[in-house]
Structures are given as structure tokens and as C-alpha cells.
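All ligand and atom numbering here is 1-based and tracks the order in the structure.
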Amino acid sequence: MALIVQKFGGTSVADTEKMRNVATKVIREKKAGNDVVVVLSAMAGETDRLIALAHKISELPNEREYDSLISTGEQVTVTLLAIILDSLGYRAKSFLGFQVKILTDKAHKKARIALVDTKEIKKELKKETIVIVAGFQGVDEDNNITTLGRGGSDTSAVAIAAALKADRCDIFTDVDGVYTTDPNVCAKARRLNKVSYDEMLEMAMTGAKVLQPRSVEMAKKYNVPVYVKSTFSDEGGTLVTKEDKEMEREILSGVTYDKDQAKITVVHVPDRPGVAASLFTPLSEHNISVDMIIQNVSAEGHTDLTFTVSKKEMKEAQKIVNATAKAVEAKRVEVDDDVAKVSIIGVGMVSHSGVAARMFKTLANENINIMMISTSEIKISCIIKRKYTELAVTALHDAFGLEKKK
Ligand code: ADP
Ligand code: ASP
Ligand code: MG
């Protein structure tokens, strides 16, 4: 007997018919003699609808109320699945984040899980109950509902799997695994049988939304084996796991893109110690993450500073940066959200030269201008004009021969 956590995403629970299909998958594991904990997302499009509702009323809605509102989509799906399983004669019980309790910090809209209390879940599993937990939500120490950031149900599932020391965490979605790039963008994308935590983390952090980055971080930390599978077919699947010798060290494992990017430039900033700190400290105090940063070579005591933030946080960031720019006597602040980030990922990069050059040449051949570049040991990212995203992804996938199994 094993303990299995099964997470189903929005398209898998998009309507009651699809939820019956989910019930079949859950029952199959239960009938095989396993303990099953199910984690669900909201129905596809529901979280977007709730967010749009809040923004219809206010540009920057009260964060506490916003999180309570946007977490309601998951309450609908977990209760519906419990009703379906119950009507089929199975013991099932739904739990919201606070009922479990999934304790988080206070960072609304992107809270981090501090602790998953397993007492209630274990009590129910002992009674042979199928436990169904609402993904994406938690509760802070003052009993306020929090949410974990878009795609956060993946993290709920892995956190619960880690806390319960589950044998497996299955992430069911609308594709049958992790591919060399988004299979919905590039027809030649190839499914990976196995991918290491580190590569998956870079892929997730640079935009492959099939797993939320924090879920991969957590899976790595607690060594949770994660399987990405299709809800709609039994074929395929990708295991996300520790790097082992069997894994072929290909130069690249994947190409990713992220359209949730905005570029902010502070023009003509005095080039003196402390200026960068005074620009970025207020942003971090407002919990705004800065991604790529470029500072130009100084000319006549002044420089330009460009950085990227999530598009969703651009307005707030702009407001904060405008105030600091004025204080440090910069000339002006420019924003551009018509951009995207394309990245190539691969542990094999470390031991191969010329990878960056090949990336830049490929983009140049397509006449795509590179606005910013950043690199890590196993990743190179470029900011380009948004409209070239798909072209860049396909060209890079081709240039590095990713469609072929080597
Ligand atoms: P869910 O609602 O099940 O959580 P998501 O939409 O969050 O599903 O994630 C699945 C989607 O991730 C796929 O439909 C696919 O378009 C996208 N995706 C992006 N990059 C990749 C990749 N490298 N491999 C697989 N899917 C990817
Ligand atoms: N429903 C949430 C979202 O749309 C969480 C998730 O799907 O993982 O972001
Ligand atoms: Mg998702």
C-alpha cells in the first residue's frame, strides 16, 4: 500500500463531466489499495474571472479580501468532487486550506507555505477516507486566507506530499508530461521521460508553467518524486527527480518563454554608491521581485539602469520607482510591457562552449533584436519583443536539434 497525492489542474476539472473522469482516476488508486489525497485547482478560467471581478472595482484591491475572493474557485471543485465520490459510494471529505491547516506567511497573492498540519488528513486516511484538499490557498497565523501565486495548486500538492511523506505526487494536467518546450507552441516539442529537479526548476522559473517553480523547489528539498501526467490519457508521463547517471547530459533540455514580463528603465541615474540600493530596496519592501538587471557603462557620472518585473506588478513597481527616481535625481523612468523572455536550459551547458553564441546567432538570423541578456550555469535568457516569442522558441528548438532523441 502506498500513499499517493494526485493533483488535477483547471482543465481537468473544467466541468462536472470532466470531474467524473477525475473521480475515475482517484477511485482506481483507491481500489489498488492506496491511501489517496487529492488536490484540486479551480475550474479552468475561474480564477481569471474572479481576478477580473476584483479589478473591475479597484485597480489595487485590498489584498486580504482579494485573496479570500480568488481562493473561492477551489472551494467549488473540491466539494463537487467529494459529492461525486460520495454518490458513487466512496468515503470522501473536502478540506479548505484553513481546515487542514496549511499555514503560510502573510504575503498575500504569493504566500509561502510554512507548515502543513497533517493531523486531520491522517485521521481521515485511517478511516479510509479519500481526502480532497483545495489547492492554491492557505491561512496565515492571524486566520487570514492567503493564496500561493498563480499555478499554486502544484505547490499545495507537493507540500502536502512532503508533509505526509507520500510515495508519489502525481500532477495531472492537459499535456502528457514535460516537453523540450511548450507543445502548444512548437509542434516538434519532445516529451522528456525524466528531468532533474534543477533543470525543471530553471524551466519553471523561466516560464514553463506546467509546474509552479515553488513546487519544484519543494520537491527537490524534500525529495518528493513528482510525475507529470495527462488527465485524459494513460500514455506518456515525465518523472521529475534527482539527477542520476542514467540521465543523458544533453546540451539543452529545453526552451522556455515567459510573456509575464515588463521592462523598467531608469534613465540618467547619478553613478554613485548606494543608488542601486535606494532603487531596489523599496521594491523588495513591497515584495516585488526583480528578475534581470542591467546597468550600462557610466558616462559623465551618469548611467541607465534597466530591470524586469512581472507584468502584473508593473504598475505598482512603476509607482515606487518613480518616487525613488525623483529622490535620486534620475532624468526619467520608462516602462515597456511589450516584451517577453526566451530562455534555453540545460545542465550540459556547463561543459559545452559556444552555446550562447549559437543562441544569439539563431535570434539574429530571424532578425530578432535582443534587449537584455542574463545567464546562469545552466540557463541563458534574452528579453525580446513580445510578438517574436513563438518564432524565437521554434527557431531555438530547431537550432539545438531538440526534436531528435540523441
Ligand atoms: P493546469 O491547469 O493543469 O495546472 P497549466 O496550464 O498550468 O495546467 O500547465 C500546463 C500547460 O503548460 C500546458 O498546456 C502547456 O501549454 C504549458 N507548458 C509550457 N511549457 C511546457 C513544457 N515545457 N512542457 C509541457 N507543458 C508546457
Ligand atoms: N486556480 C489557481 C490559478 O488559476 C491555482 C492553480 O490553477 O494552480 O492560478
Ligand atoms: Mg498549473
Side-chain angles (χ1 to χ4, degrees), residues 6-14 18 22 39-52 66-67 69-78 97 109-111 133-138 146-159 170-193 195 199-216 226-232 236-238 240 252-260 312 340-346 389-390 393-394 396-397 402-403:
Q6 296 183 305
K7 179 258 171 178
F8 295 88
T11 41
S12 312
V13 293
K18 294 213 170 72
V22 166
V39 176
L40 297 184
S41 293
M43 290 181 179
E46 178 62 6
T47 312
D48 287 334
R49 188 185 73 85
L50 294 164
I51 289 173
Y66 178 89
D67 267 359
L69 172 70
I70 70 166
S71 66
T72 57
E74 275 74 8
Q75 182 163 357
V76 174
T77 51
V78 291
K109 299 197 264 184
K110 48 178 163 186
V133 182
F136 183 51
Q137 56 178 268
T146 53
T147 61
L148 311 178
R150 298 308 305 271
S153 301
D154 299 329
T155 304
S156 310
V158 176
D170 291 347
I171 304 282
F172 287 95
T173 183
D174 58 358
V175 286
D176 67 352
V178 179
Y179 279 70
T180 47
T181 192
D182 187 344
N184 290 318
V185 163
C186 178
K188 290 184 188 163
R190 174 171 54 86
R191 187 176 53 78
L192 302 161
N193 286 322
V195 62
E199 283 176 308
M200 190 64 238
L201 187 58
E202 285 286 6
M203 283 177 79
M205 288 205 303
T206 52
K209 66 177 179 152
V210 62
L211 286 176
Q212 200 199 31
R214 274 187 199 160
S215 71
V216 187
V226 173
Y227 287 83
V228 179
K229 299 177 177 178
S230 165
T231 308
F232 308 106
T238 298
V240 188
L252 288 200
S253 52
V255 179
T256 56
Y257 66 91
D258 186 356
K259 291 184 176 177
D260 179 28
K312 297 184 205 90
K341 180 168 76 176
V342 288
S343 311
I344 57 174
I345 321 291
T389 312
E390 285 77 10
V393 167
T394 320
L396 290 167
H397 196 269
L402 283 175
E403 79 277 15

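- Using a 4.0 Å heavy-atom cutoff, M203 is listed among the residues neighbouring ligand 1.
- Close contacts of ligand 2 with E74, meaning ligand atoms under 4.0 Å from a residue heavy atom, involve 1 (N), 2 (C), 5 (C).
- Contact analysis leaves G135 out of contact with ligand 2, as no non-hydrogen atom separation drops below 4.0 angstrom.
- Each of H397, R190, R191 was checked for a side-chain hydrogen bond (donor to acceptor under 3.5 Å, both in side chains) with T180, and the lone residue meeting it is H397.
- Nearest protein heavy-atom contact of atom 11 (C) of ligand 1 is D174 OD1, 3.9 Å.
- Checked by distance only, ligand 1 and S12 stay at 3.5 Å or farther apart across all their nitrogen or oxygen atoms.
- Distances shorter than 4.0 angstrom do not occur between any heavy atom of S41 and any atom of ligand 1.
- Interface atoms of ligand 2 facing S41, defined by a heavy-atom separation under 4.0 Å, are 6 (C), 7 (O), 8 (O).
- Residue N184 places at least one N or O, backbone or side chain, under 3.5 Å from an N or O of ligand 1.
- Of all heavy-atom pairs spanning Q212 and D154, the tightest one is N-OD2, 3.0 Å.
- Every atom of ligand 2 with a heavy atom of R150 under 4.0 Å away is listed here by number and element: 3 (C), 4 (O), 9 (O).
- Looking at K7 next to ligand 2, no N or O pair under 3.5 Å apart turns up.
- By the criterion of a heavy-atom distance under 4.0 Å, the backbone of T181, and not its side chain, is placed next to ligand 1.
- Separating the CG atom in L148 from the NZ atom in K109 is a distance of 14.0 Å, to the nearest 0.5 Å.
- Of the inter-residue distances, the one linking K7 atom NZ with S215 atom OG reads 8.5 Å to the nearest 0.5 angstrom.
- Of the candidates T206, D182, I171, D176, it is D182 that places a heavy atom closest to atom 15 (C) of ligand 1.
- With atom 8 (O) of ligand 2 as the reference point, the heavy atom nearest to it among A157, A134, S153 is part of S153.
- Within the 4.0 Å heavy-atom cutoff, R190 does not count among the residues contacting ligand 1.
- Side-chain contact, D67 with T147: a donor N or O sits under 3.5 Å from an acceptor N or O.
- Regarding atom 2 (O) of ligand 1, its nearest protein heavy-atom neighbour is G10 N, 3.1 Å.
- Atom-to-atom distance recorded for F8:CZ and K229:NZ is 9.5 Å, nearest 0.5 angstrom.
- Short contacts between ligand 1 and K209, defined as distances under 4.0 Å to a heavy atom of the residue, involve ligand atoms 6 (O), 7 (O), 9 (O), 12 (O), 19 (C).
- Remark: ligand 2 and D154 share no N or O pair separated by less than 3.5 Å (distance only, no angle test).
- Proximity of G177 to ligand 1 is established by a heavy-atom distance of less than 4.0 Å.
- The distance from ligand 2 to the heavy atoms of G151 drops below 4.0 Å at these ligand atoms: 3 (C), 5 (C), 6 (C), 8 (O), 9 (O).
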